[in-house]
Each structure stands twice: as structure tokens, then as C-alpha cells.
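Input: a single structure, listed below in C-alpha cells.
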Amino acid sequence: MEFSLQSSRLWEEVVEQTKLAKEKGIDPLLWALQVSSSLGTSGIALPSTELAHVLVNYICWDNNIPILWKFLDKALMMKIIPPLLVIALLSQRVIPSRRSHPAAYRLYLELLKRHAFALKCQINGLDYQEVMESIDATLHLSEIFGLQTTEPAILVVEFIFSIVWQLLDASLDDEGLLELTEEKVSRWAIKPQEMEIDGHDMYDEKNIAYCERLQNFNTTMAIEIIGQFLQNKATSRILYLAQRNMSSHWVSFIQSLQLLGANSAALKNSKVLTSEALQELTSDSRIFLSRECKTSSRQKFHAVMAFGSLASSVSLCPGASRSDLWLPLDMVLEDAMDGYLVNTTSAVEIITGLTKTLQAINGTNWHDTFLGLWIASLRLVQRERDPIEGPMPRLDTRLCMLLSIMTLVVADLIEEEEGAPTDETEYGSTNHWKEMKFPRKRRADLVSSLQVLGDYQGLLAPPKFVVSAANQAAAKAMLFVSGINVGSAYFECVNIKDMPFSCSGNLRHLIIEACIARNLLDTSAYYWPGYVNGRINQLPYSVPAQAPGWSSFMKGAPLTSVMINALVSSPASSLAELEKIFEIAVNGSEDEKISAATILCGASLIRGWNIQEYTVKFITRLMSPPVPADFTGSDSHLIDYAPMLNVLIVGIASVDCVQIFSLHGLVPQLACSLMPICEVFGSCVPNLSWTLPSGEEISPHAVFSNAFALLLKLWRFNHPPIEHGVGDVPTVGSQLTPEYLLLVRNSHLLSSENTHKDRNKRRLSEVASSSSPEPVFLDSFPKLKVWYRQHQRCIAATLSGLVHGTTVHQTVDRLLNMMFRKINKGSQSITSVTSGSSSSSGAGIEDNSLKPELPAWDILEAVPYVVDAALTACAHGKLSPRELATGLKDLADFLPASLATIVSYFSAEVSRCVWKPVVMNGMDWPSPAANLSNVEEHIKKILAATGVDVPRLSAGGSSPATLPLPLAAFVSLTITYKIDKTSERFLNLAGPALESLAADCPWPCMPIVASLWTQKAKRWFDFLVFSASRTVFLHNSDAIVQLLKSCFTATLGLNIAPISSNGGVGALLGHGFGSHFCGGLSPVAPGFLYLRVYRSIRDIVFITEEVVSLLMHSVREIACSGLPKQKLDKLKRSKNGMKYGQVSLAAAMTRVKLAASLAASLVWLSGGHGLVQSLIKETLPSWFISVHRSDRDQGSGLVAMLGGYALAYFIVLCGAFAWGVDSSSSASKRRPKILGSHMEFLASALDGKISLGCDGATWHAYVSGFVSLMVGCTPNWVLEVDVDVLRRLSKGLRQWNEEELALALLGIGGVGTMGAAAELIIEHFDS
């Protein structure tokens, strides 16, 4: 603001009074008293902002003499003018004129040192608001910093920041460094606006020398004051607020400060501040948070809440290890191996987000983080290194996770730091991972983690079928370090076993190769100590001139049958090889296209770990071939691609292949590619056929059935709509619908419009846009939509709607006559039996040997009515069970896709409970008696580690085994299938449906089904018995609770279990099914069992209450009796001297955090966002409000405190799993509402508006722990909380003497809390 001296007669009198005092040499103190009295008589409130303007204007520059500066100093001491405003006014006048008036600049600096750090008394004045507004008007702070606010405390932050910055720019200018800054000029008035006219005394040589010395001294002093601002407890924290909330300005400021620290000559003259000290101050980004803690509870909490500080105490806990930090990752990886459900989200995205979450909350460095990733994924492989047989993901999927997905995760994390350009297409170049010249800290940590990984020999032993690949990787490295350059052709021709030197490789060799292929490492890794076993002087074998393989193919060898077999059986080693095959698949002849498709679906898909992401991309692109430019037909162009499409579909139909596509995030796009194939070929009359090079003839029905079966595997199509959502969010299972799959796929298109920094999202965007650049909706496929709506109606309600004489009715009759033609020839037509739901009747067609030449969609529309009529006929005795099974098999053989509709019909009918059970007596229906007791014994053995009682399969052992009629019919149908590759893709569709169907029926239906199937497929015995054992938990919620309890006791080592008494991840997840360890099925670890059970639990909401209860019970066990007696003496005093009763606090906290980590993992995996929301909004508040039984046992105080910390860690982890620690995921959009609700609950309880029933120590520990974790690990969350709530929380924390924590919370709360944080800083730290 501009102030006019002529505006008030009073101020003219003050000026005259000052002038007179100057002339008479009156004592400055007397002058100050006179002015104070005069103003007081005139009714002017003191300190006076107007007087500050008057005095500064009077001094600068007509009266720049020492006596006037003394008057000014006394006015400040007498508090008749506000010091901060005087400093602001002088900075505008003195700093620009510091060279012509060095003495004035020196006096200004002295006043700055004396008054700028005494903030408390100045913010408590009545004129606080007026003073700060006047400062704002003087320095234009709001305009410069862009914070349009009149809150005085925010202006204090801007003022301190501006003063330091003015000193900085002035010092840079004085030393000739200002032009080296990015801006090259200062945003502050540090130079005079008009030409300065030197006084006559300036021409005196002595005076010139004196002025130069004074200017140099001033520069040094200014830099020292900058250091003082950065070191002072109050102002350093205020500057941290500027860093947090004015980041763009702070970047420029800190760059200039670092420039000064590195190049200042004046700094060398300082006796109180060195260049190194200033550099250290500028590099410390935790000025505000690196503080001492003064309250005892905070000391305890800080000592135990950071995992990084627990390295010593970890070893004290039974079974605990640093690898247990990554328990949630182990569980997520193992959960991804469940073949019953594919995921629409890329495993790369899931694991990358989880890794960043755990890294932030555990406080680990990137070396330990990468090491944790490798160890967890190696444990995943070793857990099933010799898997049991059955329709489930096997070792291929686990190796995909280790060697492909995990390296892509690491690549994303490294690229995130290095900030690689995103404007170049990732695909289409041989050098597909662009060399990046950016900071490489994470890359260096990756190298060190992989070097340390070599010490984990037990985890690195390769499974049998990858020993050859591991040995080849080791041989490749050995030849390289020996200076022998060979290509892949050498290894294509020479058996690694025949080489005369030892090339014993392990999984680390394969990991290194995967990292080198993605440019995460270079070949210098081959020279790491111990990586290779010596060197050789020459090649033991020469390379044949021409041998079938990728090398000869790249040199132009044709695709002969021998070459095709070689390329199918060995994976491509480079992107260039895949690109050439893809080019043939696009532009080659018909036979070449089929051959290329076959090659892509071979070893390159299953074991091409170094290029697997490109293999799945190319296959997906081939599934959506473009319309040829010269295409003129009326039918779809896809008809012409039928042979190649069928090869692709069949080639990726196995369980492992589907899971590999799922892990790479391509399920939505795969579904989008399959839908038009189903639509087109399902609409074709089967009068076409194609002959494959193998001689096999395929029809439109075959192509449709293969595509339809694969499409249905991509969502839980057979599950009834009982899977209610939790809270406002539906469960994951119910989201997996065709509409949802297309929605996710379309979201990938949106990603391509706004280029992402995330490599994985760019890859998915490129794949989606290459197939169709426009969004795709279910309405684009009317036939599929009609079937899907009928499918939903069939599951939701009794079958109805068949009208006599319609086309559908005629199709029903024709299908029934085809299925039961032998019966119809000798007696009444089966179609004359009135179905309870369809009223289908008719005499049938005369020529029953003719199969209806109808499109597949027309047949599928009729199938529910056909199955309903057949089942009704069997129930009425018109059809024998064998005839029913044979007829259904004939229908499935005629159109294999009809199996899907049969499944949905049987699933719906079983849930309606209207069919009488049938006796599985071995005459009418197959009998399970031959091995039912054996199944029962094995179930008991599998569940031995859980403590769950297995119900007897039959009361007294004499009751006949019974199944509901639809289930009996379905199992009878499935056991008619041969277990071969042709039937596999349809059994993979029917198998999970059969298990789900049997699990929904009363006990012991599933064991009976398993007994029947084990007679059919003896080598699947272990798998089938394990599947049966899971259903024990689906009929008894107490059994689920017991299983959860077993998870906690096993993980924490609280009891001696059959699996392990050491606890940790090993005890939780064990060794998978375990049949290969003890000559038969051994007890399955409880965590592994739970991961295979929870998806079938219908009422998942109760899990949260049980997990909270078990967590608190575990805390009590840890605190009171959780440690073996023989170790108590060692734990009485830990290395850091902490002691709490009989248990070391640090050791106890380590195990408590492990328990909380397990609890959070269980909740997140069980119900996703919905269950986490229910936990935070409903379960936890109810728990705090409820009254709990007081624990009178020894250590109850420790129980209460640890319980609060456990809950805090548990809730933060749950939230971080659901929403992430930052805002990069779409799920983070849900966070503000849920988090805000919980923070409101905390604030209201602290305000006294909510009465709590829990222990006060538990509540105190929870609130302080939760807020500390948010401040330290998830600061982005705080920015999303309402400012008023943060202020109330801070107030409540201060009432607990938690000033540090209250300050930290406000400090990261954004601009809205910056003012409150500044006032608290000044109140708490300004002495």
C-alpha cells in the first residue's frame, strides 16, 4: 500500500518532532517515549503501521544518518511500530540500494537478526491481521506466490520465505552468480529502479575501500542469516511449509541456494557457516519432519513403528525375518495362481502398486524392495516346483510371474524414477527398451539386489523342466566372459548335457537374462563374482551350417514341417524373431498363417519369458484381423480367417495360457476379440468347412464352440447373482460380466488418448487401439446379448416362455429327437413328456438320424428347454440315468458350446432345491463307494493343520450316497468325457462349474463328486480331494473362523503346528498341496487353503469382524504368552534398552505388525474395495464404541497399547492396498469419501462428541499411530481430508501433549492448514 505523508496532520507533527530531536541530538529512548505519548494522546493504537511507514520513508534516503536508525531501533524496542512490517518496508528500500548505502544494509541485517526470529510476540498482538495485510500490500506476496488468502499466518509463511529469498538473490547478485540461475533475474526488487547518484564522499579512495569491505562483509552476513533461517527451529519449519505448499517456487529457490553454496566466495569468509553445511541444509528435504520427540508415547512409537529400525529385533522373534515384510506380496502372488478366476487388471499394475505401497509403509530402500520382490516370486515357484496333476495353473504360470511379470514390474519402477520420454511408440523396434540417460539410483539398487540374490541358493534351484534353460543361460554367460561370441544357433544345435564343461545354472541366471532382454541390466552382470564357473578357451563343438531353428529361420529358411516343429518347441529369443513370425501371420499364404499362429502359441507363449509380453500382444492382435482393403463379400471378413483363428483359440485355451493372458492384463481385450468371432461363427449355418494342414476338418460350429468356451472362462458365468456387493462397491466376482470386460477394455482406449508415463498402461492402450480404435459395447453383438440375457433369466428364475409352434419349439423337438432317437423308435417320444417348466411336446421328426443344420445361436437358445425336458423325463422315469447322460453327451458332441448352457441350467436348478435327490447306488447312477472313505481320510489329512473337524461323509457309514438330480446328471455327463487335449478346453469350462455346483449342495455332495471323478481320473486324485476339502468351509462359518485363526497362529508361530513351528510366510503358505513331499498328501498350510476357499464364501462381510477379533487376540497372545519361555530371558532387554514387563517392546511390535499385515492382506484379498470400505466405515467405529472385556492378565497395559498400534497399522495397510499411497490408480478416487468419514469419526471422538467403550490406551495408540503412518507414509491422503477436520484432530492431539504429531499433520495438510501449522510452529518452537 502507498502511504501519503500529506494525508494526516498528525504524522506531519511526528516528522517535525523527529526532525527536531535529530537536530538537538535527543536521546533515542526519550524520543520514543515522546512519540508514544503523543500517539497515545491522539488515540492511535500501538504498535502503529502508519508510524512504520512514516519512519522508513523519512529515513530512506534523505535522512540516512545513524541517529535516525537509532530512533528506529528504539521504536522497535518500545513496540510502537511492528517489527515485521518494518523489515518488509526496509527490504523494499534498502536491499535495492545496498551498494550505494552499505551501512544501511548492514543495519537492516542487524535488525533482521534481532527481530525476524521473534515471531511469537508479534502474532499474539491485536493488530496481527492488520500488520500482515500491510506486509502483503508492501511485498505483493499474494500476487507473487499465487495464494489468494488473507489468513495472517499464511502471510507469515510467505513473508519469511520472501525475506530469505531476497537475501539469497541479493547475495547471488553481489557475487555475480545471479545470471547463472535459470531465470537470470530476480523476482524481487534487489536492484535500484533508477540510476543511483553517488554522494561526494564516495570519491574518497579510503571511503571506497571501506565501502567495498563493508559490502563484502554484508554479503557474508546475509548468507549467514540465510543459514540461520534454515537452522532455526521455528523458521526452518516455516520454510518447510513453503516447500510443501509452494513447490514450484521452492524449486527455483533451492536451485539458487545450491548454486550459492557451491560457488560463493563470501561464504569462505564466514566463521559460522561453511559451504558444506549450507549444502547439507539445502539437500535435507525433511527439515520439518526430522525433529526430536518430547513425549514418552511418541518415543516408543517412533522406536517401533519403522520397520527399517527393527533389523536387530527381527532376529529375536521366532520365525520372523525381513522377508516377512513382504507377506502381503507373497499372498497376492499365490492368489494369482488360482485358476478359477482370471483378473481383468494386469498383474504388473497390481504388483507395482502393491510394491510402492509396501515400500512406503515399510520404509525400505529400493535395494531391499527389489530383493523382496525376487524372493517372494522365487518362493512362489518353489512352492509348486513339482505340481500335482489337474485342471489348474501349473509351473508355467508361476515362471511367467517370476521371469516376465516381475521384470516388467521392476522396469516400470525404474522408468518411473528415470522419467523416460513417453512420446515414442514402445513397439515396433528391435531395441524395444529404449536406452535411458537419467538418474539411475533404482537401477543401481536392482543390480545390488540381484548380486545379493545369489546367496539364496535354496530358492534358486530350478524345477526339473527348466534345468536345461537355466544351464543354457549359465553357458551363455560363460562363453561371453571367455571371449567366445556365439549366437543362439549354437545352443539350438548342441545339447547342453553334451558340453564338456560344467554349466550348472539356476533361476538367477534366468532372471538376469530376462532383465538384460529388457535393458534393465547389461552383460557386465556376467562378470559378477560367482556368476559363472570359470572360463573356456575354445568351442567344444562347431555350429552346423544349417539346422532348423530360429537362427536359420531368420536367415531365410522356409517354414517346412520340420522348421515349424522346431519353432513351436523352442521359444523365440528376440522381438525381431517374433515380428517376422507375426508378419507372416498377417501377410503370408493361408497355410503360412496357420503355421505362424501355431508357432506363436507354442513355446514362445509358454516359455518365452524374455519376450512374453510381445507374444501375447501379437496373438491378441491376430485375433482381431482387419478388414482387407479389397474385401467385398456380404458376410463378415472373419469367415476367411477361420482356420487361423481356430488355431489361435485352441492354442491359448489351456489353463496356463489363459492365466498368462490374465497376468499380462489382456483378458478384457481377449474377450473383446472373441465376441465378434462368436457373433459371426455362431450365426453361420454349418454348411461350410475348412481343412487344416494337419488334415483336421473344422466347421463353423467348431470355431464357435472353441471361441465361446474360451470367452466364458473369462468371467464367472455360471454363478448366480447371490454375490451381493459390500457397501457401495460390488464384489470382484460380480463385476466379471461381458459388459464389465468391455468397459475395462474401453478404458484402455482412453489411456491412449492421454499418453501415460506408465509403461504398462501404454502397452495395454496400444494393444486395444490396434484391434479397434473405437469403444466396443455389448449391443454390437446382438446374438451374444440375446444369449446372455437368456442365461441371466435362466439363473434368476424358473425356465418359461417356450411357445408351441415357434421356431425355438421346433428346434427343441429336433434336438430331443437327435439325442434320444433310439428311445423314440421303440416307445413314446421323449418330447411328449411334459416338462415342469416348458410344456414341450411333439411327435418329433421322422428322420432322427439327421442333425439340425442350424446356426449355433439358434441351438443355444433351445438348449435350456431341451435339458429341462430331458431332466423332467428322467425324474418321471421316462428316461434312465444312463440314457440321460448319453443324450446330453450327444448334444455336447454335436455343439460343444451347448455345455455352457447346460452348466447354467443345472446351476440354477440346484439352487432352487426342487429336485429330489437320487441314490448313487452303482446301478441307476454311478457309485462313489469304492473310494469314498479314502477321500474322507485324505480330506482330514489335508485339513490337519487347521484344527477344523471334518464331518463324516455318511452317518454310521451305512447311509447311501445321494446327490440332487441336476448335480447327478451333470457329474454323470462330465465323466463321459475323455481326459485328452481335445476335451481339456471343455472340461476346464465344466470343471469349475461342477465344483461350484457341488459346493452349493449340502455336505457331502462335493466329496461324492470327487470320489466319482477319482475313479475316472486316478492321476487327478490329489487335486480332486483338495477341491473336496475346500467345501468343508463353505457349509460352516465356524470352520472359516478356525481357518483364519490357524492363519494367525501359523504366521506368528504361536503354536507348534504340523506345518512349521517357526512362523512367517513359510508357515502361512507352506509348500502348496504337498503331495510330493511325504509320499502322499500332507497337511496344507492354512494360508494356502484360505486363498483357495475365500472366493466361494458368499457372506464375506463377517470376515472383517472376525479378522479384527483375531488380530486383537493375537496381540494379547504376543504380549502375554506368545514367546517361548526359553527365550524370555533374552528378550527381557533388547539391544536398544527398551523394556516393558517380560516382553521387549521392539520384538513384540515386530510380531504385532506381522499380524496386522496378515490381517490387512486377508481383508483386502477377501473383499477388495468393498470390504475395506465396510471395515473402515462400519466395523472399526463399532469396535471402538463397544465396551470390551478388560484384560486383567499380566501385561494388560502393553496389550492395550500394542492393540491400538496394531489396529492403526492394519487400517492404513487396508486403505493403502485398496487405494494406493498416491493418486495414480483409479481406485484412489474412492479414497477421499471413505477416509474423510473415518477422520471425521476420529475428530468427533477427540472433540468428545462420541463416547468410546474401548480402553483409553488403545484409543490413544490407535489415533497417534494412524496419524503418524499417514504423515510419514501416505502424505497424499492428508491433502484429501477436510481442513476443519485436520484442525480438530490437531487440537485433540495437542491436548494429549502430542504437539509434534499435531504439527506434522497440519504441516502436510496443504494450504488450508498451512496457517494453523505456522501458528503452532511459532507457539511451540519460538523461544
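What you see is a predicted model; the values in this text were computed from it and never measured.
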Taking the six-membered ring for Trp and the single ring otherwise, decide whether the centroids of [X] and [Y] are under 6.0 Å apart.
| X | Y | answer |
| --- | --- | --- |
| Trp1219 | His1169 | no |
| Trp250 | Phe161 | yes |
| His1238 | Phe1266 | yes |

Under 3.5 Å, is there a donor on one side chain and an acceptor on the other for [X] and [Y]?
| X | Y | answer |
| --- | --- | --- |
| Glu1240 | Ser1244 | yes |
| Thr369 | Thr364 | yes |
| Ser448 | His367 | yes |

When you measure from the centre of the six-membered ring of Phe1325, is the NZ or CZ of Lys233 closer than 6.0 Å and no more than 45° off the axis? no

Looking at Phe370, does the NZ or CZ of Arg442 lie under 6.0 angstrom from its six-membered ring centre and within 45 degrees of the ring axis? no

For Leu1279 and Ile1308 the tightest heavy-atom approach is CD2-O, 3.2 Å

To check you understand the geometry: which heavy-atom pair defines the closest contact between Ala1206 and Val1115, and what is its length? CB-CG2, 3.7 Å

Side chain of [X], backbone of [Y]: donor and acceptor closer than 3.5 Å?
| X | Y | answer |
| --- | --- | --- |
| Ser1264 | His1260 | yes |
| Asn232 | Thr235 | yes |
| Thr352 | Val348 | yes |

When rounded to the nearest 0.5 angstrom, what distance separates [atom1] in [X] from [atom2] in [Y]?
| X | Y | atom1 | atom2 | value |
| --- | --- | --- | --- | --- |
| Arg1151 | Leu1054 | CZ | CG | 5.5 Å |
| Met246 | Leu239 | CE | CG | 9.0 Å |
| Asn245 | Thr1313 | CG | OG1 | 7.0 Å |
| Ser1268 | Leu1293 | OG | CG | 8.5 Å |
| Leu1091 | Met331 | CG | CE | 4.5 Å |
| Ile1234 | Lys1177 | CD1 | NZ | 6.5 Å |

Could you please spell out the steps behind the salt bridge (charged side-chain N to carboxylate O under 4.0 Å, His left out) verdict for Lys761 and Glu349? CA-CA 8 Å; Lys761 290 181 179 178; Glu349 180 180 342; 5.0 Å; no

Name all residues meeting the side-chain hydrogen bond (donor to acceptor under 3.5 Å, both in side chains) criterion together with Ser1225; count only those two or more places apart in sequence or in a different chain, and write none if there are none. none

Check the pair Ser1237, Ile1176 against side-chain contact (heavy atoms from CB on, under 4.5 Å), reporting the backbone distance first and the verdict last. CA-CA 9 Å; Ser1237 172; Ile1176 295 176; over 6 Å; no

On the 0 to 90° scale, with breaks at 30° and 60°, tag the Phe1184-Tyr1262 ring pair as parallel, tilted or perpendicular. tilted

When you look at Met1201 and Thr1258, which way does the side-chain contact (heavy atoms from CB on, under 4.5 Å) test go after all the steps? CA-CA 5 Å; Met1201 184 188 71; Thr1258 300; over 6 Å; no

Arg1294/Glu1299 salt bridge by N-O under 4.0 Å criterion: no

Short N-O contact, Lys441 and Glu417, less than 4.0 angstrom: no

Criterion side-chain contact (heavy atoms from CB on, under 4.5 Å) on Val1311 and Leu147, from CA distance to verdict: CA-CA 8 Å; Val1311 176; Leu147 301 180; 4.0 Å; yes

By salt bridge (Lys or Arg N to Asp or Glu O under 4.0 Å), Glu1280 pairs with (sequence neighbours left out) Arg1231

Check against side-chain contact (heavy atoms from CB on, under 4.5 Å), Trp326 and Leu358: CA-CA 7 Å; Trp326 307 99; Leu358 293 175; 3.5 Å; yes

Within-4.5 Å side-chain heavy-atom neighbours: Phe1048 and Leu1162: yes

